[in-house]
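Heads up, the thing below is written out as structure tokens.
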Amino acid sequence: MTTDKPASGYYGPKAYNSEQLPQQKRPAPGANPALPWFNQKTDRKLPWGHTEDVAPQIIRRRNRPEMIRKFEKNPTPFGDLQSHQRIDHECYRHATAALRTRTLLFFSAFGNPIIIAFMMFPIALGFAGHLHIRPKSEPFGATLLAFLPILATFLGPLIACNLIPTALFKLFPRQLIKPDKGPLWELNRRTGLVTVFHYDKKGTWGKTGQPEEETAPFYEFDAYTSNELIHGGGVVHTLYLAHRYRNILIPIGTLIGKTNPEECYALWDLFQNFMDTSRPLPDIPLWEEHRANDPVTAEHDRRTNRPPRYWRDMDNDTWKQKNDEMALQVLRLNTPGRLDIMRNSWTYLPRHRTKTTRSA
């Protein structure tokens, strides 16, 4: 797909176009200071290009049509609270909540109904087994009372983890629901630049309150998956962006957590597609409301007669079917086996050869 004429002059000179890659310096082995850390983690470098229209599961789940419609009805659920995060047709700027908010959310996760149900299963089995072997003279009520302390010991803390943070958020929303000091990183489709924000108390941020910004073109970064052994012999993966020539490292995989490699491949494809100005924005609910504001995407939707509210007006059954189809597509990703289009843009410098003379 070539860049459409309406986009002429809209994108910056550093914008990423997978069909028009600039010539770049070939990376020398061991020259990148970020790579030794990766090599110790048995990293895997992912190739550029040949992407598929996919998105990781957690991004699909958080931005399903049902949630988008709720957000349309109440776009400011926390009043005038200003978040540092920005997701639109121009950029994906990632920011986190304040430490107090993240701490309460962490404890709230232990009170998830799925975890409670998981803990209830062995207790229910034990209770059923005791009912089967208990003396006939023992009343049912006495057996139930004997299990109540066990139930309270295991489930009480989990229920408290759910109820206490929920109550605190409702009672003190302005004090507990806070953004962090600022954004962490940004991918800008329009300029093609990747920006990392630094908050050094002894540096610019400590003196002026403004973070230091480190920028580089998106096409100068490479994606790596790192492997981590967990208890029980399992392996989890996360995704990083590492600059090819400078010590810039972005843990972009924090968006989806530590997961299987296919989810990391899907995230890499998603952001390549988002930054690629030769194609429209990724067609998922997250960016649907912004499609008309991007010239390449708007022209694509006009030619294909795409409904502007394709996702937002979708019923739950249809969404489930579409989501299951993409989940299967993600599981079939074989990203490491793709050809790397970025290698075609590297400039190979000839090696200097020393002349030798023959002795008579």
What verdict does the ring pair (Phe, Tyr, Trp, His ring centres under 6.0 Å) test give for Tyr16 and Tyr219, after you've listed the backbone C-alpha separation in whole Å, the side-chain angles of each residue and the deciding distance to 0.1 Å?
CA-CA 6 Å; Tyr16 170 63; Tyr219 51 74; 7.2 Å; no

I'd like to know whether Leu249 forms a side-chain contact (heavy atoms from CB on, under 4.5 Å) with Leu241, so could you lay out the CA-CA distance, the side-chain angles of the two residues, the decisive distance to 0.1 Å, and finally the verdict.
CA-CA 6 Å; Leu249 187 66; Leu241 290 184; over 6 Å; no

Yes or no on salt bridge (Lys or Arg N to Asp or Glu O under 4.0 Å) for Arg306 and Glu288, after CA distance, side-chain angles and deciding distance?
CA-CA 11 Å; Arg306 181 193 183 278; Glu288 184 172 62; 2.9 Å; yes

Mind running ring pair (Phe, Tyr, Trp, His ring centres under 6.0 Å) on Trp268 and Tyr240 for me, showing each step along the way?
CA-CA 9 Å; Trp268 176 225; Tyr240 290 86; over 10 Å; no

Worked check of side-chain contact (heavy atoms from CB on, under 4.5 Å) between Asn260 and Tyr265:
CA-CA 9 Å; Asn260 60 52; Tyr265 303 159; over 6 Å; no

For the pair Val194 and Ile250, evaluate side-chain contact (heavy atoms from CB on, under 4.5 Å) and give the outcome as yes or no after the intermediate values.
CA-CA 10 Å; Val194 177; Ile250 305 175; 3.4 Å; yes

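Judged by distance alone, the side chains of Trp311 and Asn63 never bring a donor and an acceptor atom under 3.5 Å apart. In this model, a donor atom of one side chain and an acceptor atom of the other lie less than 3.5 Å apart for His237 and Asn227. For the 3.5 Å distance criterion, the side chains of Thr195 and Thr215 fail to qualify, holding no donor opposite an acceptor. Using modelled atom types and a 3.5 Å distance limit, the side chains of Gln24 and Ser345 yield a donor-acceptor pair.
Interatomic distance, CG of Leu46 versus CG of Leu239, reported as 6.5 Å (0.5 Å rounding). Rounding to the nearest 0.5 Å gives a distance of 8.5 Å between OH of Tyr10 and CZ of Arg189. In this structure, Asn344 CG and Gln23 CD are separated by 9.0 Å, a value rounded to the nearest 0.5 Å. Once rounded to the nearest 0.5 Å, the distance linking CG of Leu281 with CG of Asp294 reads 4.5 Å. The line from OH of Tyr199 to CD of Gln210 is 9.0 Å long, rounded to the nearest 0.5 Å. Taken to the nearest 0.5 Å, the CG atom of Asn334 stands 9.0 Å off from the CD atom of Glu262.
Remark: side-chain polar atoms of Arg343 are not paired, donor with acceptor, to backbone N or O of Leu339 under 3.5 angstrom.
Scanning for side-chain hydrogen bond (donor to acceptor under 3.5 Å, both in side chains) contacts around Trp205 gives an empty result, with sequence neighbours left out. Applying the side chain to side chain contact (heavy atoms under 4.5 Å, CB included) test to Asn188 and every residue at least two apart in sequence or in another chain returns Cys91, Glu186, Arg190, Thr191.
No side-chain heavy atom of Pro211 sits under 4.5 Å from any side-chain heavy atom of Thr204. Residues Glu220 and Tyr245 form a side-chain contact, since some pair of their non-hydrogen atoms from C-beta on lies under 4.5 Å apart. At least one side-chain heavy atom of Ile87 sits less than 4.5 Å from a side-chain heavy atom of Leu286. Within the 4.5 Å cutoff, the side chain of Glu228 has no heavy atoms near those of the Val235 side chain. Put simply, the side chain of Asp283 does not reach to within 4.5 Å of the side chain of Thr297, judged on heavy atoms. Contact check for Asp88 versus Asn293: no side-chain heavy atoms found under the 4.5 Å cut-off.
Between Arg69 and Asp313, no side-chain nitrogen of the basic residue sits less than 4.0 Å from a carboxylate oxygen of the acidic one, so the salt-bridge criterion is not met. Ion pairing of Glu72 with Arg309 is present here, as a side-chain N (NZ or NE/NH1/NH2) and a carboxylate O approach within less than 4.0 Å. Using a 4.0 Å cut-off between charged nitrogen and carboxylate oxygen, Asp53 and Arg279 count as a salt-bridge pair. Between Glu214 and Arg246, at least one side-chain nitrogen of the basic residue sits less than 4.0 Å from a carboxylate oxygen of the acidic one, meeting the salt-bridge criterion. The existence of a salt bridge linking Glu299 and Arg302 is confirmed by a sub-4.0 Å separation between a basic side-chain nitrogen and an acidic carboxylate oxygen. Salt bridge Asp340/Lys45: present, at least one basic N to carboxylate O contact under 4.0 Å.
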Give every donor-acceptor pair under 3.5 Å between a side-chain atom in residues 324-333 and any protein atom, sequence neighbours left out.
from   : atom 1 : to     : atom 2 : distance (Å)
Asp324 : OD2    : Lys320 : NZ     : 3.1
Glu325 : OE2    : Gln321 : NE2    : 3.3
Gln329 : NE2    : Glu52  : OE1    : 3.0

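The only option from Trp48, Tyr11, Trp185 that meets the ring-ring contact (aromatic ring centres under 6.0 Å, His included) definition with Phe218 turns out to be Trp48.
If you look at His94 and Tyr92, their ring centroids are not closer than 6.0 Å.
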